[in-house]
A.B. asks: 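Handing you this structure, nothing more for now.
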Amino acid sequence: MKYDVKNIALANHGKQRIEWADHDMPVLQTIRERFTKQKPLRGLKMSCCLHVTAETANLVRTLKAGGANVVLCASNPLSTQDDIAASLVKHYGIPVFAITGEDNKTYYKHLHAAVAHQPNVTMDDGADLVTAILRDHPELHHHIVASMEETTTGVIRLKAMAADGVLRFPVVAVNDAACKHFFDNRYGTGQSTIDGIVRAADVLLAGSTFVVAGYGWCGRGLADRARGMGANVIVTEIDPVKALEAVMDGFRVMPMAEAAQLADVICTVTGNINVLDSRHFKTMKSGALIANSGHFNVEINLDALKKMSKSVVRVREFVQAYHLKNGKTIHVLGEGRLINLAAAEGHPASVMDMSFAVQALTTEWAVRQTGQLQAQVYNVPPQIDDQVARLKLKTMGVKLEQLTPAQKKYLASWEMGT
Ligand code: ADE
């Protein structure tokens, strides 16, 4: 078996962490038990390009239990947990191509190892795998039944591909399922981003001024959790409805040019480029901490920051001090890569349970539709959300109210009014 991981000797530690995470993934466990018996993915080759974490390990184990021949590569150069990669190879027989801190060349070498697997089904977190297939091996599209996409940024890229007419196989926007973004993007990102910032900088958030750029599901979660830690939270937003929502949720809302001057901590979660740029760096307080929790490391213009600096010094494991020519210092956390996975462990297993249950069930659904889907971006069928929510509630011991026959009739009727 070919693979490329940092150190296979880390495998036993990785296995312990995979099993620890699995305790908090009861929905995925239930699916894995059924997949083991029914083998709905039998005979399929799958390439997954995901953050290589303990939670992802439990997803790829589930896909393998369903009969798929799976390989895994990293979806980000800094998010790989090397012990998990080693254990997947040694204990679960799954080829992994991922090393934390890998350079761009190695990242793409690993991505191309997943392409070379000639998958029938792909799973992406950010659409790098689909992009590599379409750009470098478009002939492979004949083999591909469908592709799943985990994240907001990936869905945006894939919709742009569909609009440009370059998409060649069906894609399912797993991110857009309610049981994914309501919980993972909001509560997962909210908690794990705070975790990453605190682990990186050991900063006290109480009493600090904390700026959240972007009020999508991730920004909402992050702003709420930062407030919960006692920070004074400011939100920046380009969308008037989201900005209004942030105001009504009790946050101050203003342009970044104003917010940057007040901030002790700024975290970008917009999915866009150059959200923090030279015009902001110039006016920031000396000592400000800046981080990103959006998918790509493009939200902070680090090239511009470097040009404005006399020197860049690594002052802690995940902190670079940029000493500016104007005498100020700005601290960049996690090299501007998603801080929750670079400096912490990503979202906790309990929330990834729902995201990855949706991934597994949507893969099964897409495979059942073989030949019936077009080269478009599809939504996850609503019955999958329903099933995952019901299963999760059951594992939490939470019971639902039931409609009476009279209530069912009332909801299907129009006659009764004022
Ligand atoms: N994205 C965010 N958190 C994650 C995790 N723990 N595992 C995989 N992908 C993630």
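Ligands are counted one by one from 1 in listed order, and the atoms in each one are counted from 1 as well.
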A.B. asks: Should the ring pair F251 and Y215 be called parallel, tilted or perpendicular, given that the plane angle runs from 0 to 90° and is split at 30 and 60?
C.D. replies: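 Plane angle over 60°, so perpendicular.
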A.B. asks: For R17, is there an ion pair with E345 - N to carboxylate O distance below 4.0 angstrom?
C.D. replies: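 A salt bridge links E345 with R17.
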A.B. asks: Only heavy atoms of F356, strictly under 4.0 Å: list the atoms of ligand 1 that pass.
C.D. replies: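 Taking each heavy atom of F356 in turn, ligand 1 has 8 (C) under 4.0 Å.
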A.B. asks: Give the numbers and elements of all ligand 1 atoms closer than 4.0 Å to a heavy atom of T56.
C.D. replies: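 Listed by number with element, the hits are 7 (N), 8 (C).
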A.B. asks: How far is atom 10 (C) of ligand 1 from its nearest protein heavy atom, and which residue and atom name does that atom have?
C.D. replies: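 Ranking protein heavy atoms by distance from atom 10 (C) of ligand 1, first comes M352 CE, 3.6 Å.
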A.B. asks: Which residue and non-hydrogen atom of the protein lie closest to atom 7 (N) of ligand 1, and at what distance in Å?
C.D. replies: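 Answer, as residue, atom name and distance: T53 OG1, 2.7 Å.
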A.B. asks: Taking NZ, NE, NH1 and NH2 as the nitrogens, is one of them in K306 or D303 under 4.0 Å from a carboxylate oxygen of the other?
C.D. replies: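 So K306 does not pair with D303 through a salt bridge.
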A.B. asks: Run the numbers for me: atoms of ligand 1, each under 4.0 Å from some heavy atom of L341, listed by number.
C.D. replies: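 Heavy-atom distances to L341 below 4.0 Å select 1 (N), 2 (C).
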A.B. asks: Quick one: does E150 get a heavy atom under 4.0 Å from ligand 1?
C.D. replies: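 Checking ligand 1 against E150, which is what was asked, there is no heavy-atom contact under 4.0 Å.
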A.B. asks: Do NZ/NE/NH1/NH2 and the carboxylate oxygens of D386 and R390 come within less than 4.0 Å?
C.D. replies: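 Yes.
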A.B. asks: Among side-chain atoms of S79 and H51, is any donor-acceptor pair under 3.5 angstrom?
C.D. replies: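 There is such a pair (donor and acceptor under 3.5 Å, judged by atom type) between the side chains of S79 and H51.
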A.B. asks: With a 4.0 Å heavy-atom cut-off (strictly under), which part of T189 contacts ligand 1: side chain, backbone, both or neither?
C.D. replies: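 Neither; nothing of T189 gets under 4.0 Å from ligand 1.
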A.B. asks: Verify whether one side chain among K180 and N175 offers a donor that lies under 3.5 Å from an acceptor in the other.
C.D. replies: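 Yes.
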A.B. asks: For ligand 1, does H347 get within less than 4.0 Å through its side chain, its backbone, both, or neither, judged by non-hydrogen atoms?
C.D. replies: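 Both parts.
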A.B. asks: Answer with yes or no whether L50 contacts ligand 1, where contact means a heavy atom under 4.0 Å from a ligand atom.
C.D. replies: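 Flag not set, L50 not near ligand 1.
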A.B. asks: Would you say the side-chain atoms of H181 and D176 include a donor-acceptor pair closer than 3.5 Å?
C.D. replies: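 Judged by distance alone, the side chains do not pair up.
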